[in-house]
**Q** 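Next up is a structure, given as structure tokens.
Just so you know, ligand 1 is whichever comes first in the structure, and atom 1 is the first atom listed for that ligand.
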Amino acid sequence: MILVIGSINMDVSFRVDELPQPGETVLATAMKKSPGGKGANQAVAASKLGGHVTMLGCLSDDEDSRSLLKSMKTAGVDISHIRIVEGRSAPTAFICVSARGENNIVVNPATNNLVTPEYIHEYEGLFEKATYCVLQMEIPYETVKEAIALCKKYGVKIVFNPSPIGGVSTELLYHVQLVVPNENEAAVLLGCKSYSEVTENALQKFVQAFDIGCMVITLGGKGCICVEPDRPIRRFPTIPREAVDTTGAGDTFLGALVTRLAENVSLEQAISFANTASGIEVMRKGAQNAMPTRKEVEDEYKKSLG
Ligand code: RIB
């Protein structure tokens, strides 16, 4: 079982020609509400691709919460342990998506902040059943820290997506099996201003210093690289796509990766599956609504082989 602990957001997406600059006001050409949240997205991606997924997160009893629960349930995620706190609003993410498919996001955490260490402990039994646990940073820091401790106690492999990177402290990274940042997040982890300053040598030293099993850095349309302590860095390019909306692309990649790893395939195979899955996702609008099924990924993969 793959245990996902994290955020569940209602995404309010605005289509704009260009992302607004500081101090600038721009007019949207369209607006849409759709299910998102890094935790829920990763859970839905994995479940649609065949993973056996249980989600821990927190919502309320409002209309948005009901529709977020429905999206996860329809994808096959076990939502029976999700905490419902009455009388609150569901978390919301305000997203601007440019004509090139790039985005920027502001999240109002609301009930995501009620994913507390105490709540996680109530479901300690799930850690005994899980093979992988997926974590991100849209829930309280102390909860992520506690979940990592429980994973270590029960021998659950951790897949950590350090996003949003602002709240991450490197103490969380020690002995984590798989860390999956994007290039900006990787740069921040290494104390660099931008990814162009990051050297291969520094990456290798970083994973060695924290005893990270593997760091997979996603590079958008360029695929990803894989940094491991004892071998040269490997590059996994992907097929370039016409991106319509990149919201949830990293979550799709991660969900696909963990699904295949939980099936005990090699890291190479899991990455190539994940590259294909996220490549499909960026060609559609939204996050969870854009995520592919297993069959779609397999068909697309066969097509790419010619
Ligand atoms: O990773 C994409 C997600 O980030 C969006 O769905 C939004 O909810 C934010 O959490």
**Q** Could you list which atoms of ligand 1 come closer than 4.0 Å to a heavy atom of Glu138?
**A** 4 (O), 9 (C), 10 (O)
**Q** Near Ile105, which atoms of ligand 1 are under 4.0 Å from a heavy atom of that residue?
**A**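 Checking each atom against Ile105, I get 4 (O), 9 (C).
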**Q** Just by distance, with hydrogens left out, do Asp62 and Ser65 show a side-chain donor and acceptor under 3.5 Å apart?
**A**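 Asp62 vs Ser65: donor-acceptor pair found between side chains.
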**Q** Polar-atom distance check: Asn9 versus ligand 1, any N or O pair below 3.5 Å?
**A** yes
**Q** Determine yes or no for a side-chain-to-main-chain donor-acceptor pair under 3.5 angstrom, with Lys38 supplying the side chain and Glu138 the backbone.
**A** no
**Q** Does ligand 1 come near enough to Thr247 that some N or O of the ligand is less than 3.5 Å from an N or O of the residue?
**A** no
**Q** Counting non-hydrogen protein atoms only, what is the nearest one to atom 3 (C) of ligand 1? Give residue, atom name and distance.
**A** Asn41 ND2, 3.6 Å
**Q** Taking only residues at least two apart or on different chains, which pairs with a member in residues 161-212 satisfy ring pair (Phe, Tyr, Trp, His ring centres under 6.0 Å)?
**A** Tyr174-Phe210, Phe206-Phe210
**Q** Taking side chain to side chain contact (heavy atoms under 4.5 Å, CB included) as the criterion, tell me which of Leu135, Val134, Leu172 meets it with Ile158.
**A**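 It is Leu135, the one option of Leu135, Val134, Leu172 that forms the side chain to side chain contact (heavy atoms under 4.5 Å, CB included) with Ile158.
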**Q** Is the closest heavy-atom distance from Gly37 to ligand 1 below 4.0 Å?
**A** yes
**Q** Assess, by modelled atom type and distance only, whether the side chains of Ser80 and Asp78 contain a donor and an acceptor separated by less than 3.5 Å.
**A**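 Looking only at side-chain atoms, Asp78 and Ser80 do form a donor-acceptor pair, the distance falling under 3.5 Å.
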**Q** List the atom pairs, with distances to 0.1 Å, where a side-chain N or O of residues 240-248 and a protein N or O form a donor-acceptor pair under 3.5 Å, not counting sequence neighbours.
**A**
unit_1, atom_1, unit_2, atom_2, d
Arg241, NH1, Glu300, OE2, 2.9
Asp245, OD1, Thr247, N, 2.9
Asp245, OD1, Thr247, OG1, 2.6
Asp245, OD2, Gly286, N, 2.9
Thr246, OG1, Gly101, O, 2.8
Thr246, OG1, Asn103, ND2, 3.4
Thr247, OG1, Asn103, ND2, 3.3

**Q** Closest non-hydrogen protein atom to atom 4 (O) of ligand 1, residue and atom name please, with distance?
**A**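 Nearest neighbour among protein heavy atoms for atom 4 (O) of ligand 1, to 0.1 Å: Lys38 NZ, 3.1 Å.
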**Q** Under 4.0 Å from a heavy atom of Ala93: give me the atoms of ligand 1 that qualify, with their elements.
**A** 7 (C), 8 (O)
**Q** For atom 7 (C) of ligand 1, find the nearest protein heavy atom and state the residue, atom name and distance (0.1 Å precision).
**A**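 The protein heavy atom lying closest is Asp11 OD1, 3.3 Å.
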**Q** Can you pull out the closest protein heavy atom to atom 1 (O) of ligand 1? Residue, atom name and distance to 0.1 Å, please.
**A** Asp251 OD2, 2.7 Å
**Q** Just to verify, which of Asp11, Asn104, Ile105, Val12 counts as forming a side chain to side chain contact (heavy atoms under 4.5 Å, CB included) with Phe94?
**A**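 Among Asp11, Asn104, Ile105, Val12, the one meeting side chain to side chain contact (heavy atoms under 4.5 Å, CB included) with Phe94 is Val12.
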**Q** Can His121 and Glu124 be said to form a side-chain hydrogen bond (donor to acceptor under 3.5 Å, both in side chains), step by step?
**A** CA-CA 5 Å; His121 268 284; Glu124 195 167 331; 3.2 Å; yes
**Q** Near Gly36, which atoms of ligand 1 are under 4.0 Å from a heavy atom of that residue?
**A** 6 (O), 8 (O)
